[in-house]
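A note on names: the letters A, B, ... follow the listed sequences, proteins ahead of strands, and every chain is numbered from 1. Treat the numbers as computed from the prediction; the structure is a model and nothing was measured.
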2 protein chains.
Amino acid sequence: MAAQEQYEELARQLSAVAAVRRDLGRLLPPDCSPASAIVLAMVQKHGELRMSRLAELMAIDMSVTSRHVTYATEHGWLERHPDPADRRSRLLSLSPDGEELLREVSARYTQALAGCLQDWSDDDLGTLIGLLARLRTSFGDCRARPHQHLAHAAGAAVAG
Amino acid sequence: MAAQEQYEELARQLSAVAAVRRDLGRLLPPDCSPASAIVLAMVQKHGELRMSRLAELMAIDMSVTSRHVTYATEHGWLERHPDPADRRSRLLSLSPDGEELLREVSARYTQALAGCLQDWSDDDLGTLIGLLARLRTSFGDCRARPHQHLAHAAGAAVAG
DNA sequence: TATTGTTATACTCTATAACTATA
DNA sequence: TATAGTTATAGAGTATAACAATA
């Protein structure tokens, strides 16, 4: 159990790291939106995916996912195949152009991050990545559990 | 110096924690936008501020800062005073309503985070906060230094 | 009847550029 | 001439709701 001051500082830091995200986005090729880069990276990491699963992995609504996937498909980076097991569903996979784009993105990220994070050890970076993943899990579990701390806090704080 | 795989994972995690930020934003009162909450928290933490300093702290353009501050001022949470030392400048401070709003926001954040982060120790949370702050510093220093890794990576990766 | 995915609409956040006022 | 701040405009990302097709 942590102190209230820490919670407020966490909220501030989460807002602030958005600037880092925007900086990384500026490294991308002109027609590759940050959203496209994430979609492609997810498909590469997890293999053939359904829309709903991709939306879950990105923690955004499926309607938004659909737009991002349409964009990436129209640019020839992603392919949508019918799912033989369920004709409502579509399976996503990387095209050769998509794989090529990901190699380019990875090269840019690596060059930039190797420069900015010169004084970071593997351990420190690994710790940060691990804690970020854990934070997401804690929030995801919270949404899924019946207690629903996130949803209830709004009303309860007003009442109290 | 860390491995390329870690850099890619960091980029993915930074994208993913945006979902946590959105979740926190949903806790806010209806007319308090996430941006307002951040602006008020910054003024509370750092005391009386100039626009340019606030923009720097939030790592966003001053034009955006100006809009957020106007919104918060129109809602009576923030006050803009003339700066006696420089009449181009304006000094920002919290109003009593702004302080009240921040207390409410803090209560909601604390309740929600105490629920979601039950199994986090003070140490783990402190480590995460510290590493996030360090990450921002590393990126900020990188932008400020003459090497400009972030800006150059785009062109260099293409050429190489 | 429920679920998968798409589309239409509206809202928030951000950056660039043009502008005003002051240093 | 340079700097502090504002405003107009455009673009990206997201959520909600209504819809089509299939389970």
Select one nucleotide: of D/dA8, D/dT22, D/dA15, the one nearest the side-chain heavy atoms of B/Arg22.
D/dA15
Just so I know, are the side chains of A/Leu92 and A/Thr73 near enough to count as touching, which here means a heavy-atom distance under 4.5 Å?
no
Whether the side chain of B/Ser63 and the base of C/dT16 hold a donor-acceptor pair under 3.5 Å is what I'd like checked.
yes
I want to verify a distance call: between C/dC13, D/dA21, D/dT7, whose nearest atom is closest to the B/Pro34 side chain?
C/dC13
Just to confirm, is there a sub-4.0 Å distance from OP1 or OP2 of D/dT14 to any side-chain nitrogen or oxygen of A/His68?
yes
Between D/dA20 atom C1' and A/Met62 atom CE, what is the distance in whole Å?
13 Å
Determine whether a donor-acceptor pair (one donor, one acceptor, N or O, separation below 3.5 Å) exists between the side chain of A/Ser89 and the base of C/dT3.
no
Whole angstroms only, please: what is the CE-P distance between A/Met58 and D/dA12?
15 Å
Please state whether the phosphate of D/dA21, meaning OP1 or OP2, lies under 4.0 angstrom from any side-chain nitrogen or oxygen of A/Arg87.
no
Here's a test of your reading of the structure: between A/Tyr71 and A/Ala85, which maps to the more 5' nucleotide of DNA chain D?
A/Tyr71
Give the rounded distance in Å between these two atoms: CG of B/Leu28 and P of C/dC11.
18 Å
Would you give the length of the straight line joining atom CG of A/Leu101 to atom CG of A/Leu94, rounded to the nearest 0.5 angstrom?
9.5 Å
Here's a test for you: under side-chain contact (heavy atoms from CB on, under 4.5 Å), which of B/Leu128, B/Leu131, B/Asp124 qualifies with A/Thr127?
B/Leu131
To the nearest 0.5 Å, what is the distance between OG1 on A/Thr137 and CZ on A/Arg134?
9.5 Å
For the pair made of CG in A/Asp31 and P in D/dA12, what is the distance, rounded to whole Å?
11 Å
Check this one for me: any side-chain N or O of A/Thr65 less than 4.0 Å away from OP1 or OP2 of C/dG5?
no
Specify the separation, in whole Å, of atom CZ of B/Arg90 and atom C1' of D/dT7.
13 Å
Once you round to the nearest 0.5 Å, how far does CG of B/Asp123 lie from CD of A/Gln6?
8.5 Å
Using atom CD of B/Glu56 as one end and atom P of D/dA4 as the other, report the distance to the nearest whole Å.
11 Å
Select from A/Ala18 and A/Arg80 the residue whose nearest nucleotide in DNA chain C is closer to the 5' end of that strand.
A/Arg80
Without decimals, in angstroms, what is the distance between A/Asp86 CG and C/dT4 P?
8 Å
Would you kindly compare A/Arg67 and A/Pro84 by the position of their nearest DNA chain D nucleotide and give the one closer to the 5′ end?
A/Arg67
Interatomic distance where CG belongs to A/Asp61 and C1' belongs to C/dT9 [whole Å]:
14 Å
